[in-house]
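Naming: A, B, ... by sequence-line order, numbering from 1 per chain.
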Amino acid sequence: MRLPCPYCGDRDAQEFSYRGDAGPRRPEGEDGLFDYVYLRDNPAGPIRELWYHANGCRNWIVVTRDTRTHEVHGSSLARESGA
Amino acid sequence: MAEHLIHSEQEGWALATVMARRAVGPAAVGAALELELRDEPVAVSNGAIRAIGTGPGAWLVIDTEPDHGFADALQDRLEGLASVSDQSSGYAVFRLSGAGARTALQRGAAIDFHPDVFAPGSVATTAIAHIGAIVWQVDDSPTYDVAVFRSLSGSFRHWLEETAAAL
Ligand SMILES: [Zn+2]
């Protein structure tokens, strides 16, 4: 699988570390912390996910990927997409 | 005879990483260095120093004929704009040239070095033979420079020699 890095261009997925769903937000207090750390949806379809381009520009990026087809719909720098 | 690969290690270069501070754009950093910087993986030069784009707001800045205190002088020029870290002893830079240079790189990295998509001035930060590397094309003969962490330069040289022998 190749992932589109907004800075580097298309790169082999092995250059990246996978972090998972870009959606969850850390809660302010302890309420909701268990859900934030452990609970994830398992959607069939497009999902926004965090990847770290470790063997490249060393930036976190958000990639939108369809879990049914692995089709990639685009990416952005995490710092610019509020992830 | 097989395709020819010439490789040598650059000596005496001064290198420093420059990372823009939050909300400081490439134009402001470039103005302080008299370079036309963009947030793209390209190499630009003003005749005295060159900047290799390694990420958004990040460059490897090189002086091939440095005065003493290169990184300190950079830091003075970039006060408040960017952080500077002297990497002169951190990176080793190898120069690859000859008819086999492109083929050799292609055997180590999983990116395309075809001249349609990678030309003089193009830069890629990637892995070559699993070794983190910054590659930029110097001219279209073709000549490439490859910066690797110096502690891995022995491994990289070994890969170069093995690859050259098999071209
Ligand atoms: Zn990248």
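Contact annotation for Asn59(A): only side-chain heavy atoms (C-beta onward) come within less than 4.5 Å of a heavy atom of chain B. Contact of Thr54(B) with chain A is made through the backbone alone, with heavy-atom distances under 4.5 Å.
A cation-pi contact links Arg50(B) to Trp13(B), judged by a cut-off of 6.0 Å to the six-membered ring centre and 45° from its axis.
Without hydrogens or angle criteria, Asp41(A) side chain to Pro43(A) main chain gives no donor-acceptor distance under 3.5 Å.
Across Ile111(B), Val123(B), Thr125(B), the residue that shares the most heavy-atom pairs under 4.5 angstrom with chain A is Thr125(B).
Each of Tyr52(A), Phe16(A), Tyr18(A) was scored for a ring-ring contact (aromatic ring centres under 6.0 Å, His included) with Trp60(A), with one residue passing: Tyr52(A).
Under the 30°/60° scheme for interplanar angles, the aromatic rings of Tyr91(B) and Phe149(B) are found to lie parallel.
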